[in-house]
Amino acid sequence: MTVAINAARLNDHLTALGQIGRDDLGMQRVAFSHLDIAGRNYVSGLMRAAGLSVRIDAAGNIIGRAAGSDPSLPAIVLGSHTDTVPSGGQYDGALGVIAAIEVVHALRDAPRTLRHPVEVMVFTNEEGTSFHRWLLGSRAVAGLWEAEDFAAVADDGATLAARLPDIGGNSSRIEQARRRPDELACYLELHIEQGPTLHRGGFPIGVVTGITGRSVYHIDIVGEANHAGTTPMALRRDAMPAAAQIALAVRRIAGEMEVCRVGTVGSMDVHPNAGNVIPGRVQVGVEFRDERMESLAAAEVELRRTAAELAHAEQVAITVTAQRNTPSVPIAGNMQQLIADAAGMAGLAHVSLPSGAGHDAQAIAAVTPAAMVFVPSVGGISHAPAEYTTPEDCANGAQVLLNALLLADAR
Ligand code: HGY
Ligand code: MN
Ligand code: MN
C-alpha cells in the first residue's frame, strides 16, 4: 500500500526554487556561482525540514540521510542536481531534487519507516557549464574522476581545487566522496524528459531504457588578426569563415550524413570580437551524442578530417581537442520494470524511451543499479526559459518516485 506525496508542498517548493537565480533571461544557477550556492542552501533547508541529516561530501555533493529500520542494509539513493545551464529552465534537475525531498517528507508524515536507509543526493555541477567537466559530483561518488577533473581550470582562470571549498568540497580528499557498491542498494532519479515524446504521445510517465553517450570537443582556430578595412581579401587569414564551416560540418555529420544521432556547436569565442578586426582566433565548442559509441568515434574521425581540410583551405591552424567522452549507459531490465510497476501503482500510463540528455544516473550506474522516471516537457522544450512541466505531471512523477522507493525497499 502506498503513501501519497503532498502535491501542493511539492509544487510550492519547486516554485520557490524556481525564483532563486532567475532573471529575465531564465535560470542562472550555474554551478559554483553565488546563485547556485543560494539554491543549494534552500534545498539543504528543505532536507532538514524533511527530517534528513545533511552533510556535504568532498565533491560538494549535498547528502541527506534518513535511517531505515535495518541499519545493516545498504542505502537507497534518490537524487538529481540544482545547478542549471545559463538562461536555463526551472525544472531540469530541480524537479528531481525537490521530489526526492518530498518523498522523504511524505514518508515521515505518514509515518512510514523503510527497511533501507534512504539518501537524497544533490550532485555538484551536473551540467558542466563550470570547468567544462559535467557530472562532476556524481562521477566523484562513482569514483570516476579523471586527471582532467583534478586539473580543471574555469574560463575565468580559477582552478577547481580553489573553487570546491566555496561549496564545502575539497579536491585533495575527493576519494572520500566515493561510495562502495555494498553501501548502496540502488539509485532512482526523477527528471523531466527534455524532449517531445511524452508530451506528444500523451504519456504522463516515461520509463527510461538508456542514457545517451556524449563526446565533447574544443576546437581552436588560429589565423591572423588584421585591419578589416585595409587588408585585401586575398591576404587574409581569417579564423571566422573556418569556424562557420566547422559549424556547418557538425550539422552535416549528424544531419545529412547521419553518422551519429545529433551534433551541436553551442559556443563560439571570437577574439578580439570587434567589428573592425579580422578575427585572429575563434574557439568553437562541439558536441556529438549517440547511444552507440562507434557512431561517436566515426563522428570524431569526420570532424578531424574536415578540420584538416579547412586548415589548408583557409590557411589557418586548427587544433581539435577531445575534452570528454561519456559512455552511454543502458538501464537494467529489472530497474525499468521497477519504474513501470511504480507507475502502475499510481494508475498512470507509461511508455519506455531512451534519454537523449545526459544525467547523473549515468555516472551513479557505475556503482549501483540505476533507474529514471521521466515526466513530460511541454513542447519538448528544455535548457531554455520556456521549459515547462505542469504541476500535475510534477506530482505524478514524485508519486511514481515514492512508489518506486517503496517497491525497491520491499524487494
Ligand atoms: O546536457 C545534458 O544532456 C544534461 O542536461 N546535462
Ligand atoms: Mn540539463
Ligand atoms: Mn538535468
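The analysis underlying the following values was restricted to heavy atoms, covering all of them including side chains, and did not include hydrogens, waters or symmetry mates. Whatever order the structure lists them in is the order used to number ligands and atoms, beginning at 1. Bear in mind that the values here come from a model prediction, so they are computed numbers and not experimental data.
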Checklist entry - Does atom CZ of R251 have more than 12 heavy-atom neighbours from other groups under 6.0 Å away? => result no

Item to check | Per-atom contacts, ligand 1 versus E126 - under 4.0 Å to a heavy atom | outcome: 4 (C), 6 (N)

Checklist entry - the Mn ion (ligand 3) to D92: any N/O/S contact under 2.8 Å? => result yes

Checklist entry - Looking at H383, which atoms of ligand 1 are within less than 4.0 Å of one of its heavy atoms? => result 1 (O), 5 (O)

Item to check | Charged N-O contact under 4.0 Å between R163 and D166 | outcome: yes

Next on the checklist: Under 4.0 Å, heavy-atom basis, I'd like to know which part of H191 is in contact with ligand 1: side chain, backbone, both or neither.
Outcome noted: neither

Item to check | Contact (N/O only, under 3.5 Å) between W134 and ligand 1 | outcome: no

Checklist outcome for this item: Closest to the Mn ion (ligand 2), among the N/O/S atoms of E127, is atom OE2

Checklist entry - Any idea which atoms of ligand 1 are less than 4.0 Å away from a heavy-atom of A357? => result 3 (O)

Next on the checklist: Under a 4.0 Å threshold between the charged nitrogen and the carboxylate oxygen, would R133 count as salt-bridged to D149?
Outcome noted: yes

Item to check | Taking atom 4 (C) of ligand 1 as the reference point, the nearest protein heavy atom with its distance | outcome: G358 O, 3.4 Å

Checklist outcome for this item: A student comparing Q194, H81, R289 should find that the heavy atom closest to atom 3 (O) of ligand 1 comes from R289

Next on the checklist: Less than 4.0 angstrom from a charged side-chain N to a carboxylate O is my criterion; do E102 and R9 meet it?
Outcome noted: yes

Checklist entry - Do F131 and F32 have ring centroids that are under 6.0 Å from one another? => result yes

Checklist entry - Between the side chains of H81 and D92, is a donor N or O closer than 3.5 angstrom to an acceptor N or O? => result yes

Checklist outcome for this item: Within the 4.0 Å heavy-atom cut-off, what H359 brings close to ligand 1 is neither

Checklist outcome for this item: Taking the Mn ion (ligand 3) as the apex, NE2 on H191 and NE2 on H81 give an angle, to 10°, of 110°

Checklist entry - Given the rule in the salt bridge (Lys or Arg N to Asp or Glu O under 4.0 Å) test, do R214 and E287 qualify, once you have shown the distances and angles that lead to the verdict? => result CA-CA 7 Å; R214 179 187 185 208; E287 68 146 67; 2.7 Å; yes

Checklist entry - Short list, please: which atoms of ligand 1 are under 4.0 Å from a heavy atom of E127? => result 4 (C), 5 (O), 6 (N)

Next on the checklist: Using a strict threshold of under 4.0 Å (side-chain N to carboxylate O), is an ion pair present between R179 and E119?
Outcome noted: yes

